[in-house]
Amino acid sequence: MVWIARLLLFIPSLIAGWFVSQEDPRYWVIALAIGLTFLALGIIAAIYIPILHPWPRRKQ
């Protein structure tokens, strides 16, 4: 589970590095915004993609 969190934090910092220099004070703010966007997309994917649900589906 820890590697998933590290990956979710590593990718936004790479994307922020494309647009802003790491010496710029806004770098971590932009990385945080990108990280929160990835987190929201991950939650939405977990809700709507049935294979990611941790609980079994009811059989009808």
Side-chain angles (χ1 to χ4, degrees):
M1 258 342 230
V2 173
W3 61 271
I4 294 173
R6 288 186 184 209
L7 183 66
L8 286 174
L9 294 175
F10 178 71
I11 293 173
S13 65
L14 282 178
I15 295 171
W18 289 339
F19 300 106
V20 180
S21 171
Q22 285 188 339
E23 288 81 27
D24 192 357
R26 295 176 294 169
Y27 174 78
W28 289 110
V29 174
I30 293 171
L32 175 68
I34 295 169
L36 288 175
T37 303
F38 275 24
L39 181 65
L41 290 175
I43 290 171
I44 291 170
I47 290 171
Y48 290 109
I49 297 176
I51 209 163
L52 297 177
H53 286 281
W55 56 86
R57 299 182 85 171
R58 280 191 235 163
K59 296 180 182 177
Q60 295 178 344

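Side chains are part of it too, since the values below use all heavy atoms of this structure and drop only hydrogens, waters and symmetry mates.
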Separation of [Y] [atom2] from [X] [atom1] (nearest 0.5 Å):
X: Ser13; Y: Tyr27; atom1: OG; atom2: OH; result: 4.5 Å
X: Leu32; Y: Leu39; atom1: CG; atom2: CG; result: 10.0 Å
X: Asp24; Y: Ile30; atom1: CG; atom2: CD1; result: 7.0 Å
X: Ile15; Y: Phe10; atom1: CD1; atom2: CZ; result: 10.5 Å

Indicate if Val20 and Val29 have the same hydrophobic cluster label, given that clusters are the connected sets of ILVMFWY residues with side-chain heavy-atom separations under 4.5 angstrom. no
State plainly whether one hydrophobic cluster holds both Leu41 and Ile34, where clusters connect Ile, Leu, Val, Met, Phe, Trp and Tyr through side-chain heavy atoms under 4.5 angstrom apart. no
Pairwise side-chain contact, Pro12 with Phe38, heavy-atom cut-off 4.5 Å (strictly under):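 A side-chain contact exists here, since the closest heavy-atom pair is under 4.5 Å.
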